[in-house]
**Student:** 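I'd like to ask some things about the structure below.
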Protein chains: 2
Amino acid sequence: MISKRAKYAIKTILFINDHPELAPMSAKLISEKEHIPYKFLENILRDLKSHQLVKSVRGAEGGYTLGKDPEGISIAQIMRIVDGPIALIPCVSERYYEPCSECEDEETCRIRKLFNELRTEMLPVLERSITTLK
Amino acid sequence: MISKRAKYAIKTILFINDHPELAPMSAKLISEKEHIPYKFLENILRDLKSHQLVKSVRGAEGGYTLGKDPEGISIAQIMRIVDGPIALIPCVSERYYEPCSECEDEETCRIRKLFNELRTEMLPVLERSITTLK
DNA sequence: ATTAATCCTATCTAATTGGTAGGAATAATA
DNA sequence: TATTATTCCTACCAATTAGATAGGATTAAT
């Protein structure tokens, strides 16, 4: 299961992308329209900003805009920022790899092999640009 | 990420299936060979038993055997028992469905659509019989 | 000066994860 | 029959994570 944080982050990015006419978009508005607790949303936005997924404008009339071309933003990117690995076990994660403490031989581990295959199936779905979501 | 509980459960089922000559298999042996904390393993086995994935024989020389034909056991089954849903958001889970509290319209939700597609890609991998794992 | 924003640090509560403790019940076998 | 090896059961516990909330400093438009 992904966290609420991740779901909120995805909603936020989609909402900003859907409403270019309201740029820069205030956290208050996002919070109200997407039913995300305001202070929690602030945290999430800070996280997204530190990873360049959004940019901010300070002061009155300020708010957030996407940090890069929406074509280049995927759900996978957002998930990795807020939840960490996409893979379901750490020993098959590319970016967050960690060996399993009790595993005897990673090369022949059937569990690892299966979850590696699983990750391979998952990635293309999650790495599509957010602009392709309908 | 799946829990350690789930990984231990999978290892346990595979180990029992791999060693029919040691049936019934004691928790002590599984614990030692697969490096799973004994008391924790007991919990997991109880859980697997209550879902008919293993059967037990009590007393000295007792232990555990598979609760059904290994052809009929999948990683998905084990994961559902110990971790719950396979789907990454509750609103696309078949067996553990729950609506998203903040969602306005499930039918048109793009996030839901994507994660539903994701689940559809994941299931065939996880629902293969454990006997096919190499 | 006021107001509406972002930014920052810190704190809090509840649930979950990963595990442990202690012992009762059962059955093989010496 | 006593011992031993096992499953079975209830309860507890510590650390971490999830999901926020609090309070205020900073910035900029009006």
**Student:** Which value, rounded to the nearest 0.5 Å, describes the distance between B:R80 atom CZ and B:R95 atom CZ?
**Tutor:**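 Separation between the atoms: 3.5 Å.
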**Student:** Salt-bridge test for A:K28 and A:E32: reply yes if a basic N is under 4.0 Å from a carboxylate O, no otherwise.
**Tutor:**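 A salt bridge is present here (some side-chain N lies under 4.0 Å from a carboxylate O).
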**Student:** Scan A:E127, A:Q52, A:K68 and name whichever one has a side-chain hydrogen bond (donor to acceptor under 3.5 Å, both in side chains) with A:Q77.
**Tutor:**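 Per the side-chain hydrogen bond (donor to acceptor under 3.5 Å, both in side chains) rule, the option paired with A:Q77 is A:K68, out of A:E127, A:Q52, A:K68.
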**Student:** Drop me the distance from A:L118's CG to A:I86's CD1, to the nearest 0.5 angstrom.
**Tutor:**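 Reported value, rounded in 0.5 Å steps: 11.5 Å.
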**Student:** So, do A:R112 and A:C100 sit near enough that their side-chain heavy atoms are less than 4.5 Å apart?
**Tutor:**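 No - every pair of side-chain heavy atoms lies 4.5 Å or more apart.
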**Student:** How many whole angstroms separate atom CE of A:M1 from atom C1' of C:dT16?
**Tutor:**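 Distance check: A:M1 CE to C:dT16 C1' gives 14 Å.
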**Student:** Over how many whole Å does the gap from A:I44 atom CD1 to C:dC7 atom P extend?
**Tutor:**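 It works out to 15 Å between those atoms.
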**Student:** At what distance, to the nearest 0.5 angstrom, does CG of B:L45 lie from CD1 of B:I36?
**Tutor:**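 Taking CG in B:L45 and CD1 in B:I36, the distance rounds to 8.0 Å.
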**Student:** Between B:D18 and A:R110, is there a side-chain N and carboxylate O pair less than 4.0 Å apart?
**Tutor:**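 Result for this pair is yes, salt bridge flagged.
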**Student:** Grab the N/O contacts between the protein and nucleotides 12-17 of chain D below 3.5 Å, and write none if there aren't any.
**Tutor:**
none

**Student:** Quick one, which residues of residues 3-12 of chain A touch DNA chain D with a heavy atom under 4.0 Å?
**Tutor:**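 By residue number: A:S3, A:K4, A:R5, A:Y8.
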**Student:** Working to the nearest 0.5 angstrom, can you tell me the gap between A:I111 CD1 and A:C103 SG?
**Tutor:**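 Going from CD1 on A:I111 over to SG on A:C103, the span is 8.0 Å.
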**Student:** CD1 of A:I36 versus P of D:dA18: gap in Å, rounded?
**Tutor:**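 After rounding, the reported distance stands at 17 Å.
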**Student:** Measure CG/B:L41 against P/C:dG18 and give the value in whole Å, please.
**Tutor:**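 For the pair B:L41 CG and C:dG18 P, the rounded distance is 15 Å.
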**Student:** Give the table of side-chain donor-acceptor pairs shorter than 3.5 Å for residues 6-16 of chain A, with sequence neighbours excluded, one pair per line with atom names and distance.
**Tutor:**
{"unit_1": "A:K7", "atom_1": "NZ", "unit_2": "B:E102", "atom_2": "OE2", "d": "3.1"}
{"unit_1": "A:K11", "atom_1": "NZ", "unit_2": "B:E102", "atom_2": "OE1", "d": "2.7"}
{"unit_1": "A:T12", "atom_1": "OG1", "unit_2": "A:Y8", "atom_2": "O", "d": "2.8"}

**Student:** Between C:dG19 atom C1' and A:E102 atom CD, what is the distance in whole Å?
**Tutor:**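 Rounded to the whole Å, the gap is 14 Å.
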**Student:** Tabulate atom names and distances for all N/O pairs under 3.5 angstrom spanning the protein and nucleotides 7-10 of chain D.
**Tutor:**
{"unit_1": "D:dT7", "atom_1": "OP1", "unit_2": "B:A27", "atom_2": "N", "d": "2.9"}
{"unit_1": "D:dT7", "atom_1": "O3'", "unit_2": "B:S56", "atom_2": "OG", "d": "3.4"}
{"unit_1": "D:dT7", "atom_1": "O2", "unit_2": "B:R58", "atom_2": "NH2", "d": "3.3"}
{"unit_1": "D:dC8", "atom_1": "OP1", "unit_2": "B:K49", "atom_2": "NZ", "d": "2.5"}
{"unit_1": "D:dC8", "atom_1": "OP1", "unit_2": "B:S56", "atom_2": "OG", "d": "2.4"}
{"unit_1": "D:dC8", "atom_1": "OP2", "unit_2": "B:S56", "atom_2": "OG", "d": "3.4"}
{"unit_1": "D:dC8", "atom_1": "OP2", "unit_2": "B:Y64", "atom_2": "OH", "d": "3.2"}
{"unit_1": "D:dC8", "atom_1": "N4", "unit_2": "B:E42", "atom_2": "OE1", "d": "3.2"}
{"unit_1": "D:dC8", "atom_1": "N4", "unit_2": "B:E42", "atom_2": "OE2", "d": "2.8"}

**Student:** Which residues in residues 77-86 of chain B have a heavy atom closer than 4.0 Å to any atom of DNA chain C?
**Tutor:**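 Nucleic-acid contacts, sorted: none.
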**Student:** Identify, with sequence neighbours excluded, every residue that meets salt bridge (Lys or Arg N to Asp or Glu O under 4.0 Å) alongside B:K39.
**Tutor:**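 Partners of B:K39 under the salt bridge (Lys or Arg N to Asp or Glu O under 4.0 Å) test: B:E42.
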**Student:** Keeping the roles fixed (side chain from A:D83, backbone from A:S3), state whether a donor-acceptor pair exists under 3.5 Å.
**Tutor:**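 Confirmed, A:D83 side chain pairs with A:S3 backbone.
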**Student:** Using atom NE2 of B:H35 as one end and atom P of C:dG18 as the other, report the distance to the nearest whole Å.
**Tutor:**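 It is 19 Å, rounded to the nearest whole Å.
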